[in-house]
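What you see below is based on every heavy atom in this structure, not just the backbone, and it leaves out hydrogens, waters and symmetry mates. Bear in mind the structure is a predicted one, so any value in this text is a computation, not a measurement. Lettering of chains follows the sequences in order, A, B, ..., and the numbering in each one begins at 1.
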Amino acid sequence: MFLEKKLQQVLSQSLKELFDSEVDEESIKLQPTRKEFEGTHTFVTFPYLKFSGKSPEQTGQLIGEYLKDRTGLIENYNVVKGFLNLQISQKTWLELFQFIYESEDYGFSPPNGEEVMVEYSSPNTNKPLHLGHLRNNFLGYSVSRILEANGCKVHKVQIINDRGIHISKSMVAWQKFGKGETPDSTGIKGDKLVGKYYVKFDKQHKQEVATLTDKGVSLEKAQREAPIMLDAQEMLRKWEEKDQQVYQLWKTMNSWVYHGFNKTYVQMGVVFDKLYYESDTYLLGKEEVLKGLKKETFFKKEDGSVWVDLTDKGLDRKILLRSDGTSVYMTQDIGTAILRFKDFPKIKNLIYTVGNEQEYHFKVLFLILQKLGFSWAQECYHLSYGMVDLPSGKMKSREGTVVDADDLMKEMIDTAEEHTKELGKIETLTEGQAKDLYVILGLGALKFFLLKVDAKKRMLFDPQASIDFHGDTGPFVQYTFARISALLRRAEEMEVNSNTLTFNVILHPTEVEVLSLLNEFPNKVKLAAEEYNPSIIAQYVYDLAKSYNRFYAEVPVLSQSDHDMLNFKITFSRVVAQTISKAMGLLGIKVPKQM
RNA sequence: GGUUCCGUAGCUCAAUUGGAUAGAGCAACUGCCUUCUAAGCAGUAGGUUCCGCGUUCGAGUCGCGGCGGAAUCACCA
C-alpha cells in the first residue's frame with residue numbers, strides 16, 4: 001500500500017509531463033513482477049498507448065527513464081513488450097520498513113464506527129457437530145476477525161435450530177428406549193447422547209415401515225404413519241401447546257446438547273456474542289406473515305396455507321405457513337432477521353454463513369423481507385460456502401459416513417503430539433505446555449487446511465492423507481513463527497541494542513522479497529474483508545513464511561558483525577513474526593513460541 | 001427438465017478479477033544439519049487449463065454451443 005501510493009503518484013506525474021495526459025492516481029494499476037524478470041512492481045503500458053502515441057516499448061522506456069532520473073523511488077527498470085518492470089531502490093525499501101516498524105497496528109484499521117453481524121453455526125439440537133460445521137464455524141469466525149481488523153464492530157451470533165420434528169424424534173426415542181439415561185449417568189457427551197437416540201429413532205422407524213409395507217401398505221404411507229412417527233408428530237403438537245411434561249423434557253435434552261456443543265466450541269476456539277433460538281423467533285415470524293397476508297403481500301390457498309408469489313422475480317411460489325397454521329423454516333428465518341435488526345438497529349450488514357445448498361432459500365428470504373417493506377433487506381448477505389466431500393463422496397449421517405467434529409479434532413491433536421514427540425525439540429516445556437502446544441498445532445493444521453481453499457468452492461477432505469504438517473500447511477507457518485521466536489530469544493541473550501535503528505544497511509534479495517510481501521499485508525487484509533474471503537489471508541501468510549524461510553536459510557542473522565546489520569535483521573525478523581501472528585490470528589489460528 | 005455453481009500437473013489447491021514462459025504443496029527423485037529450530041532450504045520431473053467456435057494487442061479468466069460433475073427447484077430443516 002505504502003509503495004503503491006508512491007508509485008501511482010509518480011506514474012501519474014510522469015504521464016502528465018511526458019504525454020500531457022491527466023490520469024487519476026487511483027486508477028493506475030500495478031502488478032507483481034513475474035519472478036523471471038528483475039523488479040517487483042510492473043506497470044502495464046498498453047492502456048496508455050493512446051496518450052503516448054508510441055509503441056509499447058518506447059512508452060515503457062520513456063516512463064522508466066523518467067522515474068529513474070527524476071525520482072529516487074526506483075534504481076532501475078526494464079521493459080519487455082508492454083511491461084515496465086520497476087526495481088525499487090534500497091532507500092525506498094528501507095523507508096517502507098521504517099514505516100511498517102513505526103506503524104501503530106500495521107495492516108489493521110482503527111474503529112470506523114460500522115457495525116455488522118455475522119451468523120455462523122446453525123446447528124440442529126438433535127445431533128453432534130461434524131466436519132461441515134467445522135468449515136462453517138472456522139469460516140464465519142475468521143470473517144468476523146477480518147472485519148474487525150478492518151475497523152468494524154462485529155456481532156458474532158449463532159442460530160440454534162432447537163425446535164421442530166427432528167428434536168421430537170430424539171425425544172420420543174429417548175422416552176421409549178432411554179431408561180432414564182443422562183450424560184452424567186452414562187458419561188456420554190450430551191450432544192452425542194441425544195444424537196444416539198436420533199439414530200435409534202431412525203432405526204426403529206425403518207423397522208416399522210418394513211413391517212407395514214410387508215402388509216401391503218405403500219411406502220410413502222408407511223413412512224408417514226409408522227407408529228413412532230405418529231408419536232413424534234404428537235410430541236411436536238404437544239410442544240407447541242406448551243404441554244408441561246413435553247416442554248420440560250425438551251428443555252432437559254436441549255440443555256444436554258448445549259453443554260456438549262460448548263465443549264466442542266471451546267476446543268474449536270470459536271466464540272459467540274449472542275445466541276438466537278428458533279423457538280424464540282418462529283412466533284414472531286408467524287405474526288409477520290399474518291401481517292403480510294392482511295396487506296395482501298401474501299395470499300391464502302383454499303386449504304388455509306399461506307404463500308408468497310415470487311414468479312415476477314423469476315422464482316416460484318413458496319409456502320410460509322402450513323394449512324394447519326404451523327410455521328416452516330422460512331417463517332422462522334423471517335422472524336429471526338427482524339429480531340436481529342430490532343436488537344441491533346445500527347448494523348450495516350447481516351452476513352449468513354450457510355452452505356451453498358441453501359442459496360435458493362436465502363434468495364427467497366431476502367426477497368420476502370423486501371416485500372414486507374424492510375429497507376435493511378438489502379443489507380443481508382448469504383456467505384455461501386461449498387460442501388466438504390470425503391473420498392467416499394458426500395457425508396451422510398444415515399450411512400454413518402459423517403466425520404464427527406470432536407473425533408476429528410482429537411485425531412489432529414494426537415497426530416500433532418506424535419509428530420512433536422518424534423522430533424523431540426520441546427524437552428524444556430512442562431507437560432501442560434506441551435498439551436497446549438499439541439492443540440495449537442492440531443487445530444492450526446485443521447483450520448488452515450479448511451480455510452486456505454476458496455470458501456465458495458466445494459472441497460475434498462481425506463482424513464487419512466489430507467492433513468499434513470509439511471508444505472502449505474498451518475504447522476509450516478507456525479514453525480516459521482517458532483523459529484523466529486527462538487532467534488529473538490537468543491538475540492535477547494546477546495543483549496543487542498535495538499532501540500536505535502540506523503538503516504545504514506545493504507539489503508539481501510531475499511529481504512527485498514519479504515519486504516515486498518510485508519508491503520502487501522494491508523492490501524490483503526482489506527481485500528479479504530471486501531470478499532469475505534479468509535483464503536486470501538491463508539495464501540498470503542504462507543507466502544510470507546515461505547519467503548522468510550528462504551531468507552533464514554541464506555542469510556545468517558546473529559553472526560552479523562556489523563552492528564547496524566545485526567540490529568536490522570533482528571528487527572526485520574521480529575516484524576515478520578508479528579505479521580505472521582496477526583495474519584494467523586485473522587484465521588483464528590494461534591502461533592507457538594516453541595515447537 | 002428449469003435455475004445456479006464447478007471442470008487447471010497423478011492427488012489437493014493457486015493464478016492480483018482480461019496480462020508476460022499457468023504457479024504452490026503432497027506423492028517420486030537429487031543435494032544441504034560442526035553456524036541462529038531440517039515441521040526447513042535448493043533442485044529435477046510432471047500441463048492440449050474438459051472439447052469447439054467467437055470477442056481483442058492479449059483468454060484458464062469474457063460470450064455462444066457441446067461434454068462431464070454438483071446443488072437446488074418440499075405443507076423437511
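Note on A:Tyr360: only backbone sugar-phosphate atoms sit closer than 4.0 angstrom, heavy atoms only; bases stay farther off. Within 4.0 Å (heavy atoms only), A:Ser559 reaches no atom of the nucleic acid at all. Using a 4.0 Å heavy-atom criterion, one finds that A:Val557 contacts the bases of the nucleic acid, with or without backbone contacts as well. Heavy atoms of A:Val555 sit under 4.0 angstrom from at least one base atom. Among the protein residues, A:Asp462 comes within range of no part of the nucleic acid, since none of its heavy atoms lies under 4.0 Å from any strand. Using a 4.0 Å heavy-atom distance criterion, A:Lys318 is classed as making no nucleic acid contact. Contact annotation for A:Glu554: no contact, since no heavy-atom pair falls under 4.0 Å across all strands. Using a 4.0 Å heavy-atom cutoff across all strands shown, A:Thr420 reaches at least one base atom of the nucleic acid. Within 4.0 Å of A:Met595, counting heavy atoms only, lies at least one base atom of the nucleic acid. Heavy atoms of A:Leu441 sit under 4.0 angstrom from at least one base atom.
Residue A:Arg458 places none of its side-chain N or O atoms closer than 4.0 Å to OP1 or OP2 of B:C13. When the side-chain nitrogen and oxygen atoms of A:Arg550 are compared with OP1 and OP2 of B:A42, one or more of them lie within a distance under 4.0 Å. Within the structure, a side-chain polar atom (N or O) of A:Asn549 is placed less than 4.0 Å from OP1 or OP2 of B:C41. OP1 or OP2 of B:G25 lies within a sub-4.0 Å distance of a side-chain N or O belonging to A:Lys546. For A:His470 and B:G40, the shortest distance from a side-chain N or O to OP1 or OP2 is below 4.0 Å. For A:Arg34 and B:G23, the shortest distance from a side-chain N or O to OP1 or OP2 is below 4.0 Å.
Both A:Pro556 and A:Gln31 lie near RNA chain B, and the one whose nearest nucleotide falls closer to the 5' end is A:Gln31. Between A:Tyr479 and A:Asp316, it is A:Tyr479 whose nearest contact on RNA chain B lies nearer the 5' terminus.
When Watson-Crick and G-U wobble pairs are counted only if both distances are under 3.5 Å, B:G40 pairs with B:C32. B:G65 and B:C51 make up a base pair, with Watson-Crick or G-U wobble contacts both under 3.5 Å.
A:Lys300 forms no cation-pi arrangement with A:Trp307, by the criterion of a distance under 6.0 Å to the ring centre and an angle within 45° of the ring axis. The side-chain tip of A:Arg163 does not point at the ring of A:Tyr277 from less than 6.0 angstrom away and within 45° of straight on.
Residues A:Asn356 and A:Arg458 bring no donor and acceptor atom of their side chains to less than 3.5 Å of each other. Looking only at atom types and distance, the side chain of A:Tyr329 has a donor-acceptor partner in the side chain of A:Gln358 under 3.5 Å away. Between the side chains of A:Asp468 and A:Thr473, no donor N or O sits under 3.5 Å from an acceptor N or O. Of the N and O atoms on the side chains of A:Thr45 and A:Thr59, not one donor lies less than 3.5 Å from an acceptor on the other residue.
With A:Phe476 as the partner, the ring-ring contact (aromatic ring centres under 6.0 Å, His included) test is satisfied by one option alone out of A:Phe469, A:Phe449, A:Tyr542: A:Tyr542.
Atom CD of A:Gln478 is separated from atom P of B:G40 by 12 Å (rounded to the nearest Å). When the P atom of B:A74 is taken as reference, atom CG of A:Asp324 falls 19 Å away, rounded to whole Å. B:C76 atom C1' lies 11 Å from atom CG of A:Asn124, rounded to whole Å. At whole-Å resolution of the value, CZ in A:Phe43 and P in B:G19 are 15 Å apart. If you take NZ of A:Lys457 and P of B:C13, they are 9 Å apart, rounded to a whole angstrom. Atom CG of A:Leu310 is separated from atom P of B:C73 by 14 Å (rounded to the nearest Å). Separating the OH atom of A:Tyr542 from the P atom of B:U12 is a distance of 18 Å, rounded to the nearest angstrom. Spacing between atom OH of A:Tyr385 and atom C1' of B:A71 amounts to 13 Å, rounded to whole angstrom units.
Both stacking criteria are satisfied for A:Phe37 over the base of B:A20: a centre-to-centre distance under 5.5 angstrom and an angle between ring planes under 30 degrees. For A:Phe476 and B:G40, the ring-to-base geometry does not satisfy the stacking test (centroid distance below 5.5 Å, interplanar angle below 30°).
Comparing the same atom, C1', in B:A14 and in B:C26 gives a spacing of 14 Å after rounding to whole Å. Look at the P atom in both B:G63 and B:G7: the space between them is 14 Å, to the nearest Å. For the P atoms, the distance linking B:C13 with B:G18 amounts to 24 Å, nearest Å. Taking atom C1' in both B:C11 and B:G47, the straight-line distance is 15 Å, to the nearest Å. For B:A59 and B:G54, the P atoms lie 13 Å apart once the distance is rounded to whole Å.
Side-chain to base pairing of A:Thr42 with B:A20: one donor and one acceptor N or O lie within less than 3.5 Å of each other. Put simply, the side chain of A:Asn85 and the base of B:A20 share a donor and an acceptor less than 3.5 Å apart.
Nearest nucleotide to the side chain of A:Ile319, out of B:A74, B:A77, B:A38: B:A74. Considering only the side chain of A:Ala482, B:U37 comes nearest among B:C13, B:U37, B:A70. Distance from the side chain of A:Val328 is smallest to B:A77 among B:A77, B:A20, B:U12.
Taking the syn range as angles within 90° of 0, the glycosidic angle of B:C5 is outside it, so the base is anti.
At distances below 3.5 Å, not a single donor-acceptor pair connects side-chain atoms of A:Asn124 with backbone N or O atoms of A:Asn126.
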